[in-house]
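Numbers restart at 1 for each chain; the letters A, B, ... are given by sequence-line order, proteins then strands.
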There are 2 protein chains.
Amino acid sequence: MDIEKSFREKGVRLTHQRRVLIDTLRDAHRAMTAQELYKEASMAWPHINFSTIYRNIETLKSVGLICEMTDGTGNTLFAYRDEEEHHHHLVCKNCGKTISFDFCPLIELKQVLDETGFMPTGHRFEVYGYCKECRKDRL
Amino acid sequence: MDIEKSFREKGVRLTHQRRVLIDTLRDAHRAMTAQELYKEASMAWPHINFSTIYRNIETLKSVGLICEMTDGTGNTLFAYRDEEEHHHHLVCKNCGKTISFDFCPLIELKQVLDETGFMPTGHRFEVYGYCKECRKDRL
DNA sequence: CCTCCAGTTGCAAATTATTTGCATCTACAC
DNA sequence: GTGTAGATGCAAATAATTTGCAACTGGAGG
């Protein structure tokens with residue numbers, strides 16, 4: 001996937017700060033909060049600002065470069081989106097690592113939706129727990 | 001389900017404020033944010049305080065009287081829990097009405113969990129959209 | 001290359017959401 | 001009734017997110 005091209009197509013500029021955010025999330029291989037992202041990104045670009053983080057989370061979501069999820073306790077997490085296709089995640093509560101899988105439970109709901117006349121526009125399916133490594137650490 | 005009994009068993013007092021919160025959520029038949037709950041509850045008990053709301057959301061969750069969910073845009077919503085069994089929800093983005101169903105997608109993940117060695121401790125599955133009535137309103 | 005300007009950033013301040021300390025109050029076991 | 005652990009109200013502290021605005025800059029078009 002050509003990042004520069006997708007940005008250009010949406011009329012969005014690829015600024016230094018945006019590169020830093022993308023690289024930070026991609027290299028982290030884990031989901032993090034906006035606050036953590038700020039800290040991590042600050043290492044690479046010290047003067048980066050919080051409002052830039054928040055504004056760009058929206059931008060990167062709209063470009064499809066990041067996924068938004070929650071950590072199971074109400075905090076919102078963001079992770080680099082490494083899959084083109086629709087997917088969901090297992091999220092490790094210890095290290096933040098995300099494992100994506102392509103099963104989507106929405107298809108199983110056809111009957112419920114038909115019966116209730118509910119029209120879905122979005123959904124969320126996340127599993128919280130401990131990855132293989134962190135699970136060991138906790139024994 | 002006997003509310004007074006479940007409270008007593010947990011050593012939790014059934015105060016007037018807690019009754020107001022429970023009644024507010026039960027009678028609303030919809031999911032709402034802490035802020036909305038404050039407004040609604042204030043009608044019935046004008047001097048109720050925000051800290052009481054927040055503290056009791058935790059209490060009522062632990063007693064199993066309310067469900068927590070999100071509205072799809074990051075806001076946390078709470079609804080009266082009308083089912084004993086584990087379940088998930090369809091949440092109307094217009095009126096907040098929730099429709100619960102008992103299908104749980106976690107069982108479909110056995111293979112993914114086995115393959116990855118991930119140990120789940122919690123999960124979330126919510127569907128956002130428009131209920132039968134609100135869907136009409138939008139045509 | 002250079003120029004231009006709409007899109008973007010930094011900063012500071014405003015909002016909004018949530019939590020906490022503490023004195024006072026009250027549900028309820030006895 | 002009475003005593004007391006648990007709850008509440010209030011105000012103030014935190015934390016999280018958004019916004020206004022002047023200054024800056026990526027990149028399209030010369």
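The distance from atom CG of B:L14 to atom P of D:dT8 is 10 Å, rounded to the nearest whole Å. For the pair B:I53 CD1 and D:dA7 C1', the computed distance is 14 Å after rounding to whole Å. Straight-line distance from the CZ atom of B:F78 to the P atom of C:dA17: 12 Å, rounded to whole Å. Following rounding to the nearest Å, A:E58 (CD) and D:dT19 (P) show an atom-to-atom distance of 11 Å. Between the CG atom of A:L77 and the P atom of D:dT17 there is a distance of 11 Å, given to the nearest Å. A straight line from CD1 of B:I3 to C1' of C:dA27 spans 17 Å, rounded to a whole angstrom. C:dT9 atom P lies 13 Å from atom CD1 of A:I57, rounded to whole Å. Rounding to whole angstrom units, CZ of residue B:F50 and C1' of C:dA17 are separated by 8 Å.
Ring-plane geometry between B:Y54 and B:F50 is classed as parallel, the angle between the planes falling under 30 degrees on a 0 to 90 degree scale with a further cut at 60. A parallel orientation is assigned to the rings of A:F101 and A:F103, their planes being inclined by less than 30° (bins at 30° and 60°).
Note on A:R8: only backbone sugar-phosphate atoms sit closer than 4.0 angstrom, heavy atoms only; bases stay farther off. If you check every strand for non-hydrogen atoms under 4.0 Å, A:S51 touches a base. At a threshold of 4.0 angstrom between heavy atoms, the contacts of B:R55 include nucleobase atoms, whether or not backbone atoms are also involved. Backbone-only contact: A:H47 has heavy atoms under 4.0 Å from sugar-phosphate atoms and none from a base.
Here the nucleotide nearest the side chain of B:Y54, chosen from D:dT17, C:dC5, C:dT18, is C:dT18. With C:dC11, C:dT8, D:dC10 as the choices, the nucleotide that has an atom nearest any side-chain atom of A:N49 turns out to be C:dC11.
A sub-4.0 Å separation between OP1 or OP2 of C:dA17 and a side-chain N or O of B:Q35 is present. Taking only side-chain nitrogens and oxygens, B:T52 never comes nearer than 4.0 Å to OP1 or OP2 of D:dT8. For the pair A:R13 and C:dA6, the criterion of a side-chain N or O lying under 4.0 Å from OP1 or OP2 is not met. Within the structure, a side-chain polar atom (N or O) of B:T15 is placed less than 4.0 Å from OP1 or OP2 of D:dT8. Dashed line: the shortest gap from a side-chain N or O of B:Q17 to OP1 or OP2 of C:dA27 is not under 4.0 Å. Checking the phosphate oxygens (OP1, OP2) of D:dT8, a side-chain nitrogen or oxygen of B:N56 falls inside 4.0 Å.
Of the possible polar contacts, one joining the B:H88 side chain to the B:F125 backbone as a donor-acceptor pair under 3.5 Å is found.
A salt bridge links A:E58 to A:K61: one of the charged nitrogens lies within less than 4.0 Å of a carboxylate oxygen.
Across every non-hydrogen atom of B:A79 and B:M69, the tightest pair is CB-CE, 3.8 Å.
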